[in-house]
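This report refers to the structure that appears directly beneath it.
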Amino acid sequence: MDATDMGSDLQQVLITEEQIGQRLDGMAAQFDADYAGRDPLLVGVLKGAVFVMADLSRRLHMSVPMDWMAVSSYGNGAKSSGVVRILKDLSTDIRGRHVVIAEDIIDSGLTLKYLLKNLQSREPASLTVAALMRKDTPAQADIPCRYIGFECPDDFIVGYGLDFAERYRNLPYIGILKPEIYQ
Ligand code: PRP
């Protein structure tokens with residue numbers, strides 16, 4: 001899927017495929033250095049984090065186990081419903097493990113606030129977050145996020161895992177959706 005396939009739905013390209021790749025290179029190098037000899041577990045948050053998990057993990061020099069959670073707070077709307085639900089839990093016991101949650105985006109921070117509290121109660125050795133994007137909103141302050149790809153504006157963005165009503169996830173870069181599409 002590319003800009004042509006988007007028709008006129010996209011207002012602008014925000015982060016190109018090349019920029020994402022370069023930033024993931026940097027995040028992977030930092031991850032390799034931080035977790036050398038510690039056997040970390042990568043936890044992807046479905047569905048949005050599929051692309052970050054795939055592309056970040058394949059850049060690592062260590063072999064990293066992966067597990068998945070499915071959490072939803074958005075439904076098909078443009079705004080958070082405020083209710084976080086676990087749709088699929090981990091199949092790994094994370095007690096004593098070094099856990100890194102991979103996310104596509106931190107927006108209101110609601111999803112991660114819930115997830116961090118939930119996973120922390122399972123007594124991992126450490127717990128942090130790798131997110132490709134973080135929106136520049138005040139709610140981020142208390143989210144311990146070790147790896148951040150990009151700070152981004154508070155626009156409605158899609159692509160690279162981010163959807164609107166389940167569409168546009170497979171766009172290989174990140175773009176801003178035209179307001180008339182989601183309003
Ligand atoms: C998206 C995204 C994050 C979350 C971030 O997931 O993948 O998990 O929203 O938003 P927040 O910081 O405001 O909580 P969503 O619930 O839309 O599910 P999806 O990954 O299946 O698209």
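Atoms within each ligand, like the ligands themselves, are counted from 1 in listed order.
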* **Test item, K135 contacting ligand 1 (heavy atom, 4.0 angstrom)** =>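 K135: no contact with ligand 1 (<4.0 Å).
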
* Salt bridge check: are R167 and D9 linked by an N-O gap of less than 4.0 Å? ->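 Between D9 and R167 there is a salt bridge, with a charged N closer than 4.0 Å to a carboxylate O.
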
* Decide yes or no for R134 and E151: does some side-chain heavy atom of the first lie under 4.5 Å from some side-chain heavy atom of the second? =>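 The answer is yes, as the side chains (C-beta and beyond) meet within the 4.5 Å cut-off.
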
Just jot down the ligand 1 atoms closer than 4.0 angstrom to any heavy atom of [X], in number order.
| X | value |
| --- | --- |
| G109 | 11 (P), 12 (O), 13 (O) |
| D163 | 22 (O) |
| L46 | 20 (O), 21 (O) |
| R169 | 19 (P), 21 (O), 22 (O) |
| I105 | 2 (C), 3 (C), 5 (C) |
| I106 | 12 (O) |

* Asked: For ligand 1, does K113 get within less than 4.0 Å through its side chain, its backbone, both, or neither, judged by non-hydrogen atoms?
  ->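 Under 4.0 Å from ligand 1, K113 contributes no heavy atoms.
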
* Asked: Counting heavy atoms only, which part of T111 comes closer than 4.0 Å to ligand 1: side chain, backbone, both or neither?
  ->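 It is both backbone and side chain that touch ligand 1.
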
* Hey, could you give me each pair passing ring pair (Phe, Tyr, Trp, His ring centres under 6.0 Å) that has a residue in residues 26-51? Not counting sequence neighbours. =>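 Listed once each, the pairs are F31-Y35, F31-Y147, F51-Y160.
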
* Asked: Which pair of non-hydrogen atoms, one from I143 and one from G109, has the smallest distance, and what is that distance?
  ->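 In this case the closest contact between I143 and G109 is CD1-O, 3.6 Å.
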
* Asked: Would you say E166 has any N or O atom under 3.5 Å from an N or O of ligand 1, going by distance alone?
  ->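 N/O-N/O distance below 3.5 Å does not exist for this pair.
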
* Check whether any N or O atom of L112, backbone or side chain, sits under 3.5 Å from an N or O atom of ligand 1, and answer yes or no. =>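 For ligand 1, there is no N or O atom that lies under 3.5 Å from one belonging to L112.
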
* Applying side-chain contact (heavy atoms from CB on, under 4.5 Å) between L132 and each of I148, L56, L24, report the one that passes. =>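 In the set I148, L56, L24, the residue that makes a side-chain contact (heavy atoms from CB on, under 4.5 Å) with L132 is L24.
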
* To do: Assess whether salt bridge (charged side-chain N to carboxylate O under 4.0 Å, His left out) is satisfied between D67 and R97, documenting all intermediate values.
  => CA-CA 12 Å; D67 203 345; R97 300 292 303 271; over 6 Å; no

Could you list the donor-acceptor pairs under 3.5 angstrom formed between side-chain atoms of residues 59-66 and any protein atom two or more places apart in sequence or on another chain?
unit_1 : atom_1 : unit_2 : atom_2 : d
R59    : NE     : D25    : OD1    : 2.6
R59    : NH1    : D55    : O      : 3.1

